[in-house]
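As structure tokens, the structure follows; a few thoughts come after it.
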Amino acid sequence: MTLGLRSHHCGDLRTTHVGQTVLAMGWVDRRRDHGGVIFVDLRDHTGVLQVVFKPEVNAEAHGLGDSLRHEFVIAVQGRLAPREEGNVNPKLATGEVELLAERLEVLNTARPLPFAGEEEGVDERLRMKYRYLDLRRGPMQRNLRLRAHAARIVRSHLDAAGFCEIETPVLTRSTPEGARDYLVPSRVNPGQFYALPQSPQLFKQILMIGGFDRYYQIVRCFRDEDLRGNRQPEFTQVDLELTFVEPEEIFALIDGLFARLFRETIGVEVPLPIPRMTYQEAMDRFGSDAPDMRFGLELVQLTDLVARSGFKVFAQAAAAGGQVRAIRVPGGAQFSRKELDELTEFVAIYGAKGMAWVKRLDSGWQSPIAKFFSAAEQNAIEQRLELREGDLAVFCADAEKVVLDALGNLRKEIARRSGLIDERAFKFVWVTDFPLLEYDEQEQRLAAKHHPFTAPVVEDLERHGASDPLKIRARAYDIALNGVELGGGSIRMHKPELQQRVFRLLGMSEQEAERRFGFLLEALGYGAPPHGGIALGFDRIIMFLVGTASIRDVIAFPKTQKAADLMVQAPADVDDRQLRELGIRLRRP
RNA sequence: GGGGUCGUAGUUAAGCUGGUUAUAACGCCGGCCUGUCACGCCGGAGGCCGCGGGUUCGAGUCCCGUCGACCCCGCCA
């Protein structure tokens, strides 16, 4: 570097620097060559500075300036000058000054780029293959810098609350429960495998037993499941755990954290405390355990009213132990037949076999199913739904799970279509009292809804443990924002007897529990304090803060939907020699 | 595993019910230009229409398969 050290960042220069000799470095953002005078917009991470090459200032620099191209990396030395009136650019922070180039050094050239600067709508294949070019763009710079800022706030908030940041292993043990594990073969122990953590759950509990009182970590987690717009195979959690804690204390801590995150990064005030709702209420009213509270369109229970009606679809669903629920759409009578057909197709995605509808006109019901209901029945349904003239009601009849899923998603779809969603609103909600267990259809057995270390509500365990274990509530909670789960946690079991009892409920034999979680059961027996915690999806939080629908926009090096890294081309084949060392032979499909 | 959208110069897109030489903008290359800032003007190059097969006198366009990116269902304790 012959010109020496950079004296200023491009975006920092102001009229106060006029007259100084400046050595600036960065990329050629744009070149405007007027023959006699050449303008170059010099860009670094702080902003853009206009550099002027004039033959009368320095002929050699001006001559070299002719060869500059987009994204060349250059060093320019010169005197910072004020711009004449009329030449000021109010769009630039540095628009009142310009650098008169006396010396120019080309630090690196650049070939024409596969895609250009700030443009939106570039094919994601290209963005990911040339991620370094994508990262130069303003939006990605802002997203990742905001992410770093958010991480600082998390650390500051938790440090102030007495938390200790501790790292946990990445090479750990497979726990077949939950998501599919990423496995790593052990060379030293041929035929055996580590697993990458789905979360540091057990380690953080062990840290509590280890006397650390309060732990946190901003930690990478791995789950080998199919990807979505907000799901990557490796993602980041804000993971924390506290001793001698009750849920209230965790709610208050996390309320405060979200308030700071939203205030200090994007200037949004989150009203505290964040409201709470039981799981039961969330499912009943919104058909989801992560309800979107930005709009109404709540679900209404109608099973009791229509169970004995002449409409077989409803009556049979009720008779089979299913449900009939409906949503009232104010003003929805204007929906066209085509739109209603589209909504019917929409609920089919979630397994609903159909969607009935009623338009309430001044003349009464306009509906394919009107003829199945007596005037009294129609009246009762209208009363329950508070259906008014000009409204639409949509009905779903099926097993409870299907009805809730279909209508829960349908209310969001209708809200989207009708423009009922305030895109600037941030509606947080805590969802509490989750069930401890759920029935796993595939495995034909009970499984932990949260994870198998979540403490049950003990009265529920005593009352329903033998008869109806699905009724047992857990001391577990989630936090959701605008219908998206941002995190979840629970109070854990700190007594080995209780933990064993829950393992038994899950159909795990004593031997199996011992084999898989023996170290935890043993640790609980040596004076484990009561403890609990929560894990927050850090990537998803950043998505809300920067306002993107794609998790790939908040991760520097994301993977495609097929879990590939298009830049380094991972995953990839490995040498036979590597496999032999690991004692692995491939079975080709 | 399943449903859907998309794939055309370097990039973003247009290309109709199949028809002669596949368009445009930006970018790139060359020339001109001393106050531009999305500089301007003149000229030019640039295409296995993702890949393979089929239908047809003829396919960017229709059909089948395949690969890839994205959205969704299943899955994600």
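Order of the sequence lines sets the chain letters (A, B, ...), proteins ahead of strands, with each chain counted from 1. Below, each value reflects all heavy atoms present in this structure, side chains not excepted, and no hydrogens, waters or symmetry copies.
In this structure A:Phe235 satisfies the ring pair (Phe, Tyr, Trp, His ring centres under 6.0 Å) test with no other residue, sequence neighbours excluded.
Here A:Glu98 lies in heavy-atom contact (under 4.0 Å) with a base. Within 4.0 Å of A:Arg228, counting heavy atoms only, lies at least one base atom of the nucleic acid.
Between B:G18 and B:G60, the distance separating the two C1' atoms is 10 Å to the nearest Å. B:U61 and B:U20 have their P atoms separated by 14 Å, given to the nearest Å.
Base-pair partner of B:U5: B:A69 (Watson-Crick or G-U wobble, both distances under 3.5 Å). Searching all strands for a Watson-Crick or G-U wobble partner of B:G18 with both distances below 3.5 Å returns nothing. Across all strands shown, B:G52 pairs with B:C64; the Watson-Crick or G-U wobble distances both stay below 3.5 Å. Checking B:G40 for Watson-Crick or G-U wobble geometry (two distances, each under 3.5 Å) identifies B:C32 as its partner.
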Under 3.5 Å, which N/O atoms of the protein pair with N/O atoms of nucleotides 40-47 of chain B?
none

Kindly give the atom pairs (protein nitrogen or oxygen, nucleotide nitrogen or oxygen) under 3.5 Å for nucleotides 66-70 of chain B.
| residue | atom | partner | partner atom | Å |
| --- | --- | --- | --- | --- |
| B:G68 | OP1 | A:Lys562 | NZ | 3.0 |
| B:G68 | OP2 | A:Lys562 | NZ | 3.2 |
| B:A69 | OP1 | A:Thr560 | OG1 | 3.2 |
| B:C70 | OP1 | A:Gln561 | N | 3.3 |
| B:C70 | OP2 | A:Gln561 | N | 2.7 |
| B:C70 | O3' | A:Arg552 | NH2 | 3.0 |

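Checked by distance alone, A:Arg223 brings no side-chain donor or acceptor within 3.5 Å of a matching partner on the base of B:C76.
Aromatic stacking of A:Phe115 on B:U11: not satisfied for centres closer than 5.5 Å together with planes under 30 degrees. In this structure, A:His34 counts as stacked on the base of B:C39 under the 5.5 Å centre distance and 30° plane angle limits.
Taking the six-membered ring where the residue is Trp, A:His451 and A:Phe453 present tilted rings, their angle falling between 30° and 60°. Using the six-membered ring where Trp is involved, A:Phe503 and A:Phe517 have ring planes that are parallel, under 30° apart on the 30 and 60° scheme.
Residues A:His464 and A:Arg473 have side chains that never bring a donor and an acceptor to within less than 3.5 angstrom of each other.
For A:Ile349, the listed nucleotide lying nearest its side chain is B:C73; candidates were B:G35, B:C73, B:C76.
Under 4.0 Å is where a charged nitrogen must lie from a carboxylate oxygen, and between A:Glu96 and A:Arg83 no such pair does.
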